[in-house]
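Chain identifiers are assigned alphabetically (A, B, ...) following the order of the sequence lines, protein sequences preceding nucleic acid strands; residue numbering begins at 1 within each chain. No hydrogens, no waters, no symmetry mates; every other heavy atom, side chains included, goes into these values.
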Amino acid sequence: GENVEQHPSTLSVQEGDSAVIKCTYSDSASNYFPWYKQELGKRPQLIIDIRSNVGEKKDQRIAVTLNKTAKHFSLHITETQPEDSAVYFCAASIVGGGADGLTFGKGTHLIIQP
Amino acid sequence: DTAVSQTPKYLVTQMGNDKSIKCEQNLGHDTMYWYKQDSKKFLKIMFSYNNKELIINETVPNRFSPKSPDKAHLNLHINSLELGDSAVYFCASSQDRERGGTDTQYFGPGTRLTVL
């Protein structure tokens with residue numbers, strides 16, 4: 001089955017700086033890669049996703065890049081703000097054609113230092 | 001409110017008991033899921049279910065069983081609860097892009113299960 005590795009496990013950055021979180025996946029059939037943000041005691045919420053036919057996607061301060069050949073994808077957050085502090089999870093799945101759950105990375109605890 | 005909802009929010013019970021967690025989605029989605037988040041925050045898929053197939057993660061003990069009375073509900077039943085079952089359980093739902101959705105999985109608020 002799919003295996004997703006995520007690094008780093010903890011990331012501390014100064015407010016206003018950029019943060020980068022990296023993930024690798026093992027199953028070349030995976031074609032959908034979402035990123036979720038989870039605040040303490042809350043549910044995971046989608047912040048951005050990318051499909052295997054796209055190399056990069058951007059939404060305001062958040063961007064995701066995908067390298068299918070190397071089987072890795074990254075989350076980039078620019079101009080970080082205190083409200084960006086949370087745990088971020090990358091995930092991979094195969095969509096289209098049936099029920100398929102997400103395989104998550106182990107999460108990155110992002111700390112924004114004021 | 002359109003959403004994925006779960007009940008109860010907290011569940012405290014003794015070892016050996018049988019319990020159920022209910023999940024409902026009013027998003028009109030075809031597929032529902034159950035995830036387990038352990039004390040280290042690891043999120044792991046347990047079940048994926050739509051009207052055609054049930055996919056069970058091979059690591060899930062057969063004490064756990066999903067039950068779907070209709071398309072909008074996927075309840076989780078747990079028999080003979082063990083200490084290691086203590087975790088937060090999240091329900092989620094999605095709609096395939098091929099069927100007019102976005103593939104995005106929307107999560108419920110979670111149920112914190114504590115087994116004493």
Subject >> Residues of residues 103-116 of chain B with any heavy atom under 4.5 Å of a heavy atom in chain A >> reply: B:Asp103, B:Thr104, B:Gln105, B:Phe107, B:Gly108, B:Pro109
Subject >> Contacting moiety of B:Tyr35, where chain A heavy atoms sit under 4.5 Å >> reply: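 B:Tyr35 touches chain A through side-chain heavy atoms alone.
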Original post:
Checking B:Glu58 against chain A: side chain, backbone, both or neither under 4.5 Å from a heavy atom?
Top reply: neither
Can you tell me which portion of [X] sits under 4.5 Å from chain B's heavy atoms? Options are side chain, backbone, both or neither.
X: A:Leu46; result: side chain
X: A:Pro34; result: neither
X: A:Gln45; result: neither

Name every donor-acceptor pair, under 3.5 Å, that has one atom in a side chain of residues 38-46 of chain B and the other anywhere in the protein, sequence neighbours excluded.
unit_1	atom_1	unit_2	atom_2	d
B:Asp38	OD1	B:Lys40	N	2.9
B:Asp38	OD1	B:Lys41	N	3.2
B:Asp38	OD1	B:Phe42	N	3.0

Is it the case that atom [atom1] in [X] sees more than 12 heavy atoms from other parts of the structure closer than 6.0 Å?
X: B:Asn62; atom1: CG; result: no
X: A:Leu40; atom1: CG; result: no
X: A:Gln60; atom1: CD; result: no

Can you list, pair by pair, the side-chain donor-acceptor contacts under 3.5 Å of residues 103-114 of chain A, counting residues two or more places apart and other chains?
unit_1	atom_1	unit_2	atom_2	d
A:Thr108	OG1	A:Gln6	NE2	3.0
A:Thr108	OG1	A:Pro8	O	2.5
A:Gln113	NE2	A:Ser12	OG	2.9

Hydrophobic cluster membership, [X] vs [Y], 4.5 Å side-chain cutoff:
X: A:Val20; Y: A:Tyr25; result: no
X: A:Tyr36; Y: B:Val88; result: yes
X: B:Leu11; Y: B:Tyr89; result: yes

**OP:** Please list, chain by chain and in numerical order, all residues satisfying salt bridge (charged side-chain N to carboxylate O under 4.0 Å, His left out) with B:Arg97, sequence neighbours excluded.
**Re:** none
Subject >> Shortest non-hydrogen separation from B:Ser48 to A:Gly101 and the atoms involved >> reply: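 Result for this residue pair: OG-N, 3.1 Å.
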**OP:** Locate the shortest heavy-atom distance separating B:Phe90 from A:Pro44; write the atom from each residue and the value.
**Re:**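 For B:Phe90 and A:Pro44, the tightest heavy-atom pair comes out as CE2-CD, 3.8 Å.
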